[in-house]
Structures are given as C-alpha cells and as structure tokens.
Amino acid sequence: MEALTIYLRKINIYHTSPCFAEAGKIRVKARLSDDISEIMPYLNRVVKNANYNEHAPNLTMFKEFRMITLEPENLILIKALNDTDARQVLDWLKDLINETAERKTEIEPLYASKKRPHPLQLYTWLPRINCKQCGEKSCLAFAALLSVGQQSLDRCLPLFTDDYQEQKTVMIDLVDALGHDISNYIDGGV
Amino acid sequence: MAVYFDNAATSYPKPEAVYNAVEYFQRQVGVNPGRGTYQKSREADGIIFDTRSALASLFKISDCSRIVFTSNVTESINLALKGYLIKGSHVITTAMEHNAVWRPLKVLEQGGDITLSLLKCPSGMAFNPEELPELIKKNTALVVINHASNVTGTIMPIEKVGKICRAHNIPLLVDAAQTAGVYPVDVQVMHIDLLAFTGHKALLGPAGTGGLYICEGIDLMPLKEGGTGSESLLEMQPAHLPDRFEAGTLNAPGIAGLGAGVKYILEQGVEKIRQHEIDLTEYALLKLKQFPDIVIYGPQDAPSRTGVISFNFTNIAPEEVTYMFDEVYDIMARSGLHCAPQAHRAIETVELNGTVRISFGVFNTQAEIDFLISALEDLANA
C-alpha cells in the first residue's frame, strides 16, 4: 500500500556483492533519499523482530531469513536470493517506513533495545524428540534455523498435537518476537 | 487516411512513453542488467524490476519474482507445457486454440508423452464449463485455455474454469495473448496457476517481449540453461525465480518499453480501455450487421468478445477483401487462418481460406470504423 505522505522517497542500491554469510545469496548496500533517524524508534515498536540501538543509531530487522541493518541514510541487506528479491524487499521496506511515518502519532516510540529469543531458548520449548519430520537432523538444528527465519514453526508436526499444547503457546510467542507470521497458528490453522 | 486494424497481431501505434523508454534505455543506459556492479547496470536492473513489478500490479500477483520474462507468449506456453507435463499426463484444452498452444501439445501427443481432450466450441462460441468435469481423468495434469480467441474474439469463462480446476486440484494454464492489457486479469480471482502473456499486443510493449507467471508451488523444468548473472559457481540453473528461467541476456530495451506500456495501462485503467474496446466493437458489429452479404463469426454481442471481429462476404474471398483494403483504402487488416486452424475448423471457414479479421486497439476511433464501413459499402456495391 502506498503511504499518503511520502517520507522516504527512494532507496537506491549502490553496491551488490555475493553474501559472506551464505553462499549463493547476495548482499546489497543502498542509500536512502531521506534521513530516517526520527522514524527508527517507531519502527522498533511496530516491527516485532527489530532491534534498535539509539546510540549508533541503527536498527536491525529480519524479513524472513534476510537481515536488514538500517542506518539514518544507508542500509545493508544480506541473504537476498537475487536482485529481484532484493528489490522486492526494499520496496516492502520503503512502504513500511512510509506507513510507519504516516501513523507516527498513533505509535508510541520504543527507544530500548529488544532482545531476540536465543536459539537455545527456542530449543527448550520444542518437543526435543529429534523426530526429523521437519527435515532437520535434530530439534536443536531446527531451533537454530527457526531463529534465523530459515525454518517455519509449522514444520514441527508434534508441536501441533495435543501432547504439546503449552509448549506450542510459548513457541508461538517466541517466533512472534522473531517476526514470523503467526496468523496461521492463531486462527487454528496447521 | 491509413487505418490500422490488426491490433490482434500486434498493437500499433504504441503510447509515446513506450518509444521514449526504449530510446532512453538504448541511449542513456545501454548496458546489461544483472551482470555488472556499476551504476548503469544497476539502473538497468531497476528498470527490469519496475516492469516486473508493474505487470504484477496489473495481474494482481503478490510476488513479482514469480513472473519470468520470455521473448513472446509462444515461448511462455512452450515453457509451461514442456516444463510441467511429464510422460503419461492427460491435458484438457479447447477446440479454439492458437497454434502457440496447439502445436506444442500435438508434438507432445504424437511423441506419446500426453493424451488430449477437447472442450468443444460450436460455431466459435465459448465452451460450456460444465462439460469440463466430464473430461477430467485420474491422470489429468493440466487444463490449458485460450482466454480469448484471436479469430473470433470469443472470451472464454476462465473464472468458472479456474474454480473447477481448483476443486479438482488441477493447475490451469491461461494463454492471455489476446486479453492481457485490455481485459481485467486477476490470477487470484480466476485461480490461474500459469499465465502466459505477450508484451507486444494489448500490453503495448515492443515485439520480443513476453512472460509467464508461475504460481508458487508449481515447479517447472527450464526450457533453456545458461548465464543468469547470479550463483555462477552452480553448475545447474539457480533454484530461485526469476533467474531460474531467465538464462541469457534479457531483451532489456524491449522490457523497458513494455514497462512503459504497462504503466500507461495502469494509469488509464484496464477497465476504461476495455470499455473503449467494447464501444468500438459494439459500433462495428452494429454497422457490419447491416450488410446482407456479410457473415460475422462468433458471439454477436460486444461484451462476449474482445475487439476482434472475423467476417466474410458471402461472395468475395477474404484475401480479395484485404487486398482491396490495402490497395485502395490503406486499411490494414488480416485475412487467412491467423495461425489458428482449430478456430477456423470451429467456425467452418478453413475451406474459405479463413476470414477477414479486423481488430481494434486503444488508439482506434469510431471515425476509423466509419471509414472501414464506407470501404465495405464500395466493395458490396462493386
């Protein structure tokens, strides 16, 4: 959705290179047409997985498995699949920033740094039976991939059985904090 | 005055912005997208992305990376059919298909790879979607439908087909050569899994452009392998779209022009363009029906068809009519079989050497139709 008042006009890619973090993916650096410092604490509030450092200032966030580090007038996107993917993410980000700016008066800014759930914290609440139904070798491996957005909670089939109801509720909260889309789980899906 | 009534073949003229976009790309950008790390290369990347993104808006596709560029709708259809169908598949299609669908299907059939069933289109009218479930077999792998006939303009009931296909869990491939850009196409509402389109007709782009939308969950084998400017160390094609299906240098100047064409459509609104087409078609049908010696094929009302009208004089061969149009009146129209012998079999015009076909575009006017009608009056009275 296009915001009514354009706060950030453009994100211009100025450097593309292979991703150090993951072979086959790309890393993109871009300049922002407008300084977004003022909006960062608001993004920190609305984006569940965002982490804001007021002193730098910068804000890191995830879009599924991709990581974005925002500075006032620059950004770095890592683990994008290809150029098209990177540009789609940047379009999404531009809209998100403009929509957040548009709704600024309704949002309470958050200046504090948030803690992302640690992979071991995720592991604690998994069934820990290493059933491999998710496609990973162990629940620990699943937890690690879950924490970086490379796995989806609904791939853990035992968790969605009656035996793990409490664990499921906690896990949904944890992946929510990681920024996963939890609408399927809440609506009784899976 | 010169009158162009062959928009079903390719649209002409194009919006001014299309010429400008191609020229701008050639003169001011000029470099290969996706292959370099310099500023102009990134600008080329951005232009390609903008076209992809505009097409996604037009067809209501949420993820534009699911649109891959091809050189035309024929390539898109070949990619969909040959990339998806496996040996032993059964395919349902219609009796009105263009050769772009018909020939690849017949090649696969004659090679013993697939079997075919046809939805009948009596007298060039739309098929009855209620007949579709009766044709479905256990091994039906794909339904392939021409959204609108390039011969009669007949619009097929895609939305109803989409619902039936979805209920039977069979993917739907739509050949939107005649509708993309002039008829609202919504892949969600119509349950379209594979949408093949060309860039140079109603999308108003240059020749040599086209694309295929591939719904998430549908895995195709690429038609070609080669350089993508990404994941170069991989010996196989990259798994991610659009790179998986875009081996080799893209037609970037063409795609730049296509982007300008699609933006023009988005600005005008596809519904408004469709209404203009209905108005012209309605007017032309009304005038043509006043000739006792003219037979009009397919649906007789404008809303059931695109801006394509096939007709014949009962006493003048179609090629004679278009010869006179060209020679005396400077009217550009097509006669013959229009690469769709199947459709001509349905309207029984193969023996007549086909039909005279006129097809309207966004820049045609009622005055041009009046000029055509006066030419036809001359011919009728000759």
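Worth saying up front: this structure is predicted, and the values here are computed from it rather than measured. Atom set for the values below is all heavy atoms of this structure, side chains included, hydrogens, waters and symmetry mates excluded. Letters A, B, ... are given to chains in the order of the sequence lines, protein chains preceding strands, and every chain is numbered from 1.
Residues A:W125 and A:Q167 share a closest heavy-atom pair of O-CB, 3.2 Å.
Using a 30° and 60° split on the angle between ring planes, B:H147 and B:Y183 fall in the perpendicular class, above 60°.
Under a cutoff of 6.0 Å and an axis angle of 45°, B:R42 and A:Y14 do not form a cation-pi pair. Because its NZ or CZ atom is both nearer than 6.0 Å to the ring centre of A:F65 and within 45° of the ring axis, A:K25 counts as a cation-pi partner of that residue.
B:I48 does not touch chain A: none of its heavy atoms, backbone or side chain, sits under 4.5 Å away. In this structure, chain B has no heavy atom under 4.5 Å from any part of A:D85. For A:D91, the part sitting under 4.5 Å from any heavy atom of chain B is the side chain, from C-beta outward, and nothing else.
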